[in-house]
Amino acid sequence: MEAKKIEIKNSRDVVTARKMGRKMALELGFGSADQTRLATAISELTRNVVQYAGTGLCTITDQSNKNEIKIVTAVEDAGPGISDIDKALEQGYSSGGGMGAGLPGAKRLVQEFGIDSVPGNTVVTITLRRKKI
Amino acid sequence: MKIPVLRLKNILLTSIQVDLTDEDALNFQEDLLKAVQINDADGVIIDITALDVVDSFLARVLNETAVMAKILGAEAVISGMQPDVALTLVEMGRELIGVSTAINLDHGMEKLQALISKRAGGV
Ligand SMILES: Nc1ncnc2c1ncn2[C@@H]1O[C@H](COP(=O)(O)OP(=O)(O)OP(=O)(O)O)[C@@H](O)[C@H]1O
Ligand SMILES: [Mg+2]
């Protein structure tokens with residue numbers, strides 16, 4: 001099980017993280033649309049870390065098994081947390097003058113999406129998976 | 001990371017060839033809008049053939065750039081968006097693509113000329 005860890009401190013790291021995600025998706029045999037979906041979702045989540053928490057960690061893990069190819073990406077930070085997760089997932093809700101498209105958009109790009117958040121610890125986990133043919 | 005802006009008669013032409021950080025994107029926006037003003041351009045084309053990720057932030061910057069260009073008197077067209085990028089943006093939310101687009105530079109130029117003449121004919 002291969003895992004890549006990228007420390008997220010600034011917008012350069014956002015670019016690095018999404019490139020890593022795309023690379024792993026390509027290597028595991030995901031199609032180009034899925035590669036783009038994963039890279040874009042990682043970009044959204046890691047940018048949120050820079051914007052709302054300052055620093056964090058992005059861990060991209062190959063969890064493929066004999067039936068499917070699967071990448072689990074966890075993006076975590078020790079920032080203020082997301083107090084109202086339902087609201088944060090609403091299309092158009094932003095506390096930072098953004099479009100409020102990041103979280104709801106990322107959610108639509110992947111097969112599984114979860115947020116665990118308390119003040120001091122936020123983890124957003126996304127899973128990209130496809131049946132092996 | 002400076003993105004060159006070329007002038008072709010009354011039109012400005014730019015091509016984003018590298019993966020932009022957020023700061024790069026904002027600098028690009030500023031440079032392009034300055035160039036619109038200095039050259040009194042009638043239109044701008046931003047070619048993004050080389051971009052394999054356009055997330056909500058860059059989408060917003062591109063949309064805003066088009067709006068601001070318009071305020072400065074120039075039409076704007078984005079050309080060359082990769083199909084996977086278009087697909088991803090639409091999946092994330094249709095409103096993310098808020099600017100005139102064209103499949104390639106050639107069509108982008110035609111579309112831009114049409115927008116410019118329409119504006120000149122002004123209703
Ligand atoms: N890691 C985080 N820590 C704390 N709050 C967060 C975090 N991620 C998201 N949020 C909160 O959730 C809201 C929605 O996030 P989302 O990414 O959808 O939109 P945005 O970042 O405001 O705008 P956009 O992503 O479109 O530029 C944010 O405005 C912020 O309040
Ligand atoms: Mg965001």
Side-chain angles (χ1 to χ4, degrees), chain A residues 6 8-23 25-26 30-52 58 75 88-94 96-111 113 126 128, chain B residues 1-3 15-31 46-68 76 78-101 103-104:
Chain A
I6 306 107
I8 307 298
K9 299 179 297 293
N10 55 47
S11 69
R12 203 111 307 278
D13 303 322
V14 170
V15 173
T16 306
R18 70 188 184 211
K19 278 196 171 141
M20 292 264 206
R22 173 183 291 278
K23 185 159 171 283
L26 170 72
F30 284 98
S32 67
D34 276 338
Q35 293 165 30
T36 303
R37 289 185 180 104
L38 181 64
T40 307
I42 290 175
S43 191
E44 298 295 344
L45 302 182
T46 52
R47 168 172 303 100
N48 280 351
V49 165
V50 174
Q51 272 185 342
Y52 303 110
C58 173
V75 178
L89 281 170
E90 267 172 32
Q91 190 77 27
Y93 171 77
S94 172
M99 293 212 293
L103 289 178
K107 183 174 178 183
R108 286 195 210 103
L109 296 178
V110 294
Q111 281 66 53
F113 182 95
I126 56 175
L128 188 72
Chain B
M1 184 54 56
K2 196 95 175 156
I3 297 163
S15 172
I16 304 177
Q17 299 283 348
V18 290
D19 217 343
L20 300 181
T21 66
D22 295 0
E23 289 80 17
D24 292 335
L26 293 172
N27 289 337
F28 165 68
Q29 178 180 63
E30 199 183 318
D31 290 349
I46 305 171
D47 188 77
I48 59 167
T49 308
L51 288 189
D52 61 10
V53 176
V54 175
D55 62 9
S56 68
F57 181 84
L58 187 53
R60 178 159 60 106
V61 171
L62 292 174
N63 290 339
E64 282 178 4
T65 306
V67 171
M68 293 187 223
I78 305 276
S79 68
M81 183 183 286
Q82 292 183 14
D84 291 332
V85 170
L87 178 72
T88 299
L89 281 175
V90 169
E91 283 174 353
M92 287 214 295
R94 211 161 250 293
E95 74 286 355
L96 290 181
I97 304 180
V99 52
S100 297
T101 54
I103 193 114
N104 56 33

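Residue numbers start from 1 in every chain, and the chains themselves are labelled A, B, ... in the order their sequence lines are given, proteins ahead of strands.
Considering all non-hydrogen atoms of both residues, B:Val53 and A:Thr40 come closest at CG1-OG1, 3.8 Å. Closest approach of B:Glu91 and A:Arg108 over heavy atoms only: O-CD, 3.2 Å.
Heavy-atom pairs under 4.5 Å with chain A were tallied for B:Asp52, B:Leu20, B:Leu87; the largest tally goes to B:Asp52.
With no hydrogens or angles considered, no side-chain donor-acceptor pair links A:Ser11 and B:Asp22 at under 3.5 Å.
Salt-bridge formation is detected for the pair B:Asp24/A:Arg12: a Lys NZ or Arg NE/NH1/NH2 atom is positioned less than 4.0 Å from an Asp or Glu carboxylate oxygen.
Taking CZ from A:Arg37 and CE from B:Met92, the interatomic distance works out to 11.5 Å, rounded to the nearest 0.5 Å. Between B:Asp19 atom CG and A:Arg18 atom CZ the span is 4.0 Å, to the nearest 0.5 Å.
A donor-acceptor pair under 3.5 Å is formed between the side chain of A:Glu44 and the backbone N or O of B:Ser56.
Contacts between A:Ala106 and chain B at a heavy-atom distance below 4.5 Å involve the backbone alone (N, CA, C, O). In this structure, the portion of B:Glu95 lying under 4.5 Å from any heavy atom of chain A is its side chain and not its backbone. Only the side chain of A:Arg47 comes within contact range of chain B, with heavy atoms under 4.5 Å apart. With a 4.5 angstrom heavy-atom cutoff, A:Lys19 touches chain B only via side-chain atoms.
Atom NZ of A:Lys23 is surrounded by 12 or fewer heavy atoms from other residues, nucleotides or ligands within 6.0 Å.
Counting only heavy atoms from C-beta outward, the side chains of A:Thr36 and B:Gln82 never approach each other to under 4.5 Å.
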